[in-house]
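Chain A is the first sequence line, chain B the second, and so forth, proteins listed ahead of strands; every chain is numbered from 1. Since the model is a prediction, treat every value here as computed from it, not as a measurement.
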Amino acid sequence: MAEPIITFQHVYKRYDDTVALGDIDFELEQGKFYTLLGPSGCGKTTILRILAGFTEASEGKVTFKGQQINRVPANQRQINTVFQDYALFPHLNVFDNVAFGLTLKRTPKKDIKRRVLEALKSVRLAGYEDREISELSGGQQQRVAIARAIVNEPQVLLLDEPLSALDAKLRTAMQVELRQLQRRLGITFLFVTHDQGEALAMSDEIFVMSDGKILQQGSPVDIYDEPINHFVADFIGESNIVKGRMVADYQVQFVGKQFECSDAGIPAHEPIEVVLRPEDLVLTDVAKGKLTVVVDTQVFRGNLYEILSHDADGNQWLIHAVHKAKVGQEVGIYFEPEDIHVMRFGESEEEFDARLEQYEGDD
Amino acid sequence: MKRAHGFYSVPYVLWLALFVIAPLVLIVYQSFFNISGQFTFDNYKLYLSSGTYLRMTLNSVWYALLITALTLLISYPTAYWLSQTKHKQLWLLLIILPTWINLLLKAYAFIGIFSQGGSVNRFLQFFGFGAHQLLFTNTSFILVAAYIEIPFMILPIFNAIDELKPSLLNASKDLGATNWQTFSKVVFPLTLDGVKAGVQAVFIPSLSLFMLTRLIGGNKVITLGTAIEEHFLVTQNWGMGSTIGVVLIIAMIAIMFLTGERKKRGR
Ligand SMILES: Nc1ncnc2c1ncn2[C@@H]1O[C@H](COP(=O)(O)OP(=O)(O)O)[C@@H](O)[C@H]1O
Ligand SMILES: [Mg+2]
């Protein structure tokens with residue numbers, strides 16, 4: 001592994017009576033797209049503010065290229081930020097906003113002009129340099145904010161929910177564009193969002209946060225397929241979560257039945273939770289199904305039918321089906337052993353990773 | 001709907017007509033009559049040709065400028081500091097409080113403070129500097145005028161600073177600006193409207209502070225305000241008084257035009 005460009009080592013941030021961050025520990029590698037994902041108030045912005053230098057960690061060490069930077073002022077860090085509210089200067093036009101950082105560095109006028117126009121072109125705003133900020137749409141302002149940051153060629157770009165103010169269509173387009181931009185520039189992005197779909201679509205690595213802590217770190221696929229606990233499973237996509245019990249390695253019991261699964265390394269009889277993703281559940285005849293449920297509601301979502309159903313024990317089951325069912329009808333649900341994901345209560349990320357490595361080394 | 005709007009604007013229109021339009025018309029009308037009530041342009045001719053009136057005008061403008069500059073110098077940092085403090089509304093109230101006290105009362109208080117046996121002189125004597133003539137000097141006039149005008153300068157500037165989004169300051173630092181650069185390139189330009197409003201609120205009244213020029217300045221500085229007072233109350237030359245009034249009104253309009261909103265430049 002290459003030397004990390006940024007590390008957080010046991011970082012805490014306390015305000016008078018709240019703990020905004022508790023023991024944050026992570027490393028960022030050069031040139032990757034990272035995402036901090038978590039609900040509002042979990043401390044995402046605080047991490048960015050500490051990294052940018054707007055506030056100081058109460059405890060712990062923050063390094064940039066191996067150097068501790070806890071006390072380096074914001075204006076001396078090779079890190080730029082795209083703010084949640086864009087924070088464009090309303091008294092300057094687009095060109096002067098983008099040129100702000102370069103002007104401060106006394107870059108020659110000719111270079112400024114070339115680099116500003118280049119940056120505007122890379123966010124597809126060529127020709128907008130004379131516009132006033134108030135004359136731009138939300139999406140355009142957001143792109144000016146990105147241009148203003150990247151024109152300084154920072155080593156790391158911090159983005160605080162930059163897409164949250166955009167409408168759905170533009171947001172999807174900007175997700176793709178941001179990802180392409182990051183690949184092209186090759187700089188490290190630390191992107192903040194509370195939208196799991198956005199995180200899954202864009203990131204190399206995701207940090208799932210809750211209550212000032214990082215619960216799980218991993219690639220989008222890892223986090224989706226192997227959530228560490230109830231919170232992560234629930235937050236990342238829709239899921240069916242039921243309580244169960246481990247019977248033996250590769251055998252798990254829930255809703256009163258025993259199923260083959262792909263999890264092991266958990267003591268027999270330990271209470272656990274089981275996750276089944278709605279898209280892994282296949283509607284079939286009662287005879288062929290592993291579970292029998294009654295359909296309660298059905299909503300057509302365009303590409304699938306969202307079916308809510310319940311079993312004899314009263315557990316709710318959400319199914320994403322390709323074909324439609326009938327409300328009130330009894331149907332069978334089929335799934336494969338590897339669709340069952342077993343979660344232990346209170347397992348830490350290290351223990352979780354170690355167990356996976358031991359028993360699932362091959363996949 | 002339109003009707004209702006019209007109805008509610010009646011008090012405002014009445015007020016405007018009675019206390020703004022009517023006096024203005026009267027002043028302009030009066031300025032064309034001489035002391036014996038005959039229509040004439042002499043008042044304006046005299047104003048423009050006599051050195052005394054022009055010197056008075058220059059004096060007024062010069063002192064108003066000094067007072068405004070001093071007020072601004074004190075008010076901007078104060079407003080900035082206020083906006084950063086915890087209990088800003090309380091501090092602001094304390095600054096506004098003196099404006100509720102009658103101007104004359106404050107002037108008399110200063111006579112007591114600055115007089116030969118006043119507290120300032122006793123203080124100076126205590127430290128062995130001896131007594132000084134403080135009252136009836138230009139300095140004391142400017143100081144007291146600035147003291148009285150400061151709240152009117154602080155308020156609009158404070159509001160402008162308070163409305164600044166903190167993320168703009170962070171953005172400036174993030175892009176490499178030092179504290180001073182952040183101030184000169186972001187904070188000051190964005191609070192300029194507050195400064196303009198403050199300058200309007202201070203400069204224009206300062207042109208005609210006749211009470212203070214007399215009580216504190218000892219009539220050493222004769223400003224247009226003093227001249228108007230003299231013409232109306234002493235020489236009874238209402239025509240000439242009104243002419244000077246018209247000049248003041250024109251000055252006000254000029255200031256408002258100079259400091260007012262202008263269309264944003266398009267490059
Ligand atoms: N300046 C502050 N003073 C007090 N508490 C703060 C301050 N900034 C953030 N917090 C608290 O820290 C927690 C994390 O906030 P934040 O990092 O903004 O969350 P997020 O960006 O994930 O929504 C919240 O509980 C918030 O109330
Ligand atoms: Mg936030």
Quick check: are there more than 12 heavy atoms from other residues, nucleotides or ligands sitting under 6.0 Å from [atom1] of [X]?
X: K105(A); atom1: NZ; value: yes
X: Y15(A); atom1: OH; value: yes
X: Q67(A); atom1: CD; value: no
X: D211(A); atom1: CG; value: no
X: K106(B); atom1: NZ; value: yes
X: R124(A); atom1: CZ; value: no
X: W81(B); atom1: CH2; value: yes

Per-residue contact mode, I79(A) against chain B (heavy atom under 4.5 angstrom): backbone
Sorted by number, residues from residues 158-181 of chain B in contact with chain A (heavy atoms, under 4.5 Å): K165(B), S167(B), L168(B), N170(B), A171(B), S172(B), K173(B), D174(B), L175(B), G176(B), A177(B), T178(B), Q181(B)
Validation row, ring centre Y34(A) to ring centre F191(A) under 6.0 Å: no
Proximity of Y76(B) and F183(B) rings by center, below 6.0 Å: yes
Lys/Arg N to Asp/Glu carboxylate O, R14(A) vs E59(A), below 4.0 Å: yes
By side chain to side chain donor-acceptor pair (under 3.5 Å) - contacts of S208(B) (at least two apart): none
Proximal to chain B - members of residues 41-58 of chain A, heavy-atom separation under 4.5 Å: R49(A), A52(A), F54(A)
Heavy-atom contacts under 4.5 Å, residues 134-164 of chain A to chain B: R148(A), N152(A)
Audit row: E205(A), S203(A), side chain to side chain donor-acceptor pair (under 3.5 Å) steps and yes/no: CA-CA 5 Å; E205(A) 289 271 314; S203(A) 325; over 6 Å; no
Steps toward salt bridge (charged side-chain N to carboxylate O under 4.0 Å, His left out) verdict (D204(A), R179(A)): CA-CA 10 Å; D204(A) 290 317; R179(A) 183 69 231 227; 3.2 Å; yes
